[in-house]
Enquirer: 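What follows is a structure written as structure tokens; I'll ask about it next.
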Amino acid sequence: MGTGSDHAQGGMELGYARVSTTKQSLERQLDALAAAGIPDDRVYVDKKTGTTIDRDGLNALLAYARSGDTVMVHPLDRIGRNLREVLNLVHDLAERGIGVRSLADPLPINTADEGMARIAFLLLALFAEMERTFTAERAAHARAVAEAGGHQTGRPVAHPEGEIEYARLWKAQGGSLGKIVAKTGIPETSLHRYLATGSESSQ
């Protein structure tokens with residue numbers, strides 16, 4: 001994949017796929033790129049190995065791409081590890097005359113064909129969903145690093161602030177701890193901490 005053969009004139013479609021956790025599947029992304037007509041030798045791949053995330057595939061793609069080309073990805077969040085990285089890369093590629101096209105987002109975009117105002121709107125519409133993906137990936141990576149170091153993973157689950165405020169309201173109205181536990185589902189040990197500190201900062 002991504003052999004970097006002689007570059008055709010008039011623009012090419014190049015594929016990029018990335019997985020950042022061992023549980024993610026590369027196959028769905030590769031299948032989508034193949035269905036879009038991208039041959040294997042124009043698909044660049046990065047995948048998790050151990051506790052590191054290689055970026056050799058993306059670096060090779062960026063070195064190979066030329067003005068007039070279009071980088072095809074399954075969801076847009078594959079080309080970056082956070083929102084800033086995605087935006088910077090889309091902007092840098094646009095400056096080089098290279099388009100980016102997503103295949104699987106709720107609002108697929110194609111920077112090669114659409115005006116920047118339209119692109120900005122579509123990117124904003126994708127932000128919330130992308131941030132959820134990035135947050136999950138960061139958590140999974142942290143767990144992998146901890147497990148590799150022999151540390152116990154996981155942490156106490158922080159309760160939503162709304163539930164904590166609800167518990168404080170019951171307490172202010174004279175509710176017993178047992179009743180507050182029944183109403184909120186927050187364990188009594190956690191309730192003691194929340195009600196004593198007035199915040200969940202200790203979580």
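Sequence positions, counted from 1, serve as the residue numbers for this chain.
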Enquirer: My understanding is that only residues two or more places apart in sequence, or in another chain, count here; which of them pass side-chain contact (heavy atoms from CB on, under 4.5 Å) with Glu95?
Expert: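 Glu95 satisfies side-chain contact (heavy atoms from CB on, under 4.5 Å) with His91 once adjacent residues are dropped.
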
Enquirer: Check whether any side-chain heavy atom of Leu61 lies under 4.5 Å from a side-chain heavy atom of Val71, and answer yes or no.
Expert: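 Leu61 reaches Val71 side chain to side chain.
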
Enquirer: Excluding sequence neighbours, so at least two apart, what forms side-chain contact (heavy atoms from CB on, under 4.5 Å) with Ala32?
Expert: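 Applying side-chain contact (heavy atoms from CB on, under 4.5 Å) to Ala32 gives His74, Leu103.
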
Enquirer: With the side chain counted from C-beta on, respond yes when Leu177 and His192 share a heavy-atom pair under 4.5 Å apart, and no when they do not.
Expert: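 Yes, close enough: below the 4.5 Å cut-off.
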
Enquirer: Does the side chain of Val90 reach to within under 4.5 Å of the side chain of Asn88, using non-hydrogen atoms?
Expert: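 In short, these two side chains do not touch, never coming nearer than 4.5 Å.
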
Enquirer: Got Val43 and Tyr16 here, is their nearest side-chain heavy-atom distance under 4.5 Å?
Expert: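 In short, these two side chains do not touch, never coming nearer than 4.5 Å.
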
Enquirer: Which distance, rounded to the nearest 0.5 Å, do you find between the CG of Asp92 and the CD1 of Ile98?
Expert: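 Going from the CG atom of Asp92 to the CD1 atom of Ile98 covers 10.0 Å.
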
Enquirer: Could you give the distance from CD1 (Ile186) to CD1 (Ile180), rounded to the nearest 0.5 Å?
Expert: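 If we round to the nearest 0.5 Å, Ile186:CD1 and Ile180:CD1 are 9.0 Å apart.
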
Enquirer: Got a sec: does the CZ of Arg96 have more than 12 other heavy atoms crowding it under 6.0 Å?
Expert: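 Yes.
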
Enquirer: Could you tell me whether the side chain of Val100 reaches within less than 4.5 Å of the side chain of Thr70, counting heavy atoms only?
Expert: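 Thr70 vs Val100: side chains apart.
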
Enquirer: Looking only at heavy atoms, what is the nearest atom pair of Met72 and Ala36, with distance?
Expert: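 Smallest heavy-atom distance, with atoms named: CE-CB, 3.9 Å.
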
Enquirer: Hey, what do you get for CD1 (Ile38) to CE (Met12), rounding to the nearest 0.5 Å?
Expert: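 Interatomic distance, Ile38 CD1 to Met12 CE, rounded to 0.5 Å: 9.0 Å.
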
Enquirer: Nearest 0.5 angstrom please: Leu62 CG to Tyr44 OH, how far?
Expert: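 Atom-to-atom, Leu62:CG and Tyr44:OH are 10.0 Å apart.
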
Enquirer: Check whether any side-chain N or O of Arg78 sits under 3.5 Å from a backbone N or O of Val73 as a donor-acceptor pair, and report yes or no.
Expert: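 No, Arg78 side chain to Val73 backbone: no donor-acceptor pair under 3.5 Å.
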
Enquirer: Would the distance check show the side chain of Asp46 and the main-chain N or O of Leu58 forming a donor-acceptor pair, the cut-off being under 3.5 Å?
Expert: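 Judged by distance alone, yes, a pair lies under 3.5 Å.
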
Enquirer: With Val181, which residues qualify under side-chain contact (heavy atoms from CB on, under 4.5 Å), at least two apart?
Expert: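 Counting only residues at least two positions away or on another chain, Val181 forms a side-chain contact (heavy atoms from CB on, under 4.5 Å) with Glu188, Leu191.
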
Enquirer: Decide yes or no for Leu26 and Val45: does some side-chain heavy atom of the first lie under 4.5 Å from some side-chain heavy atom of the second?
Expert: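 With C-beta onward as the side chain, the pair touches.
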
Enquirer: Show your reasoning for whether side-chain hydrogen bond (donor to acceptor under 3.5 Å, both in side chains) applies to Asp69 and Tyr64.
Expert: CA-CA 10 Å; Asp69 290 349; Tyr64 182 68; over 6 Å; no

Enquirer: Is Arg18 reaching over with its side chain to a backbone N or O of Asp77, donor-acceptor style, under 3.5 angstrom?
Expert: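 Side chain of Arg18 to backbone of Asp77, a donor-acceptor pair under 3.5 Å: yes, one is there.
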
Enquirer: Less than 4.5 Å apart, any side-chain heavy atom of Asp40 and any of Leu30?
Expert: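 Counting from C-beta outward, Asp40 and Leu30 never come under 4.5 Å.
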
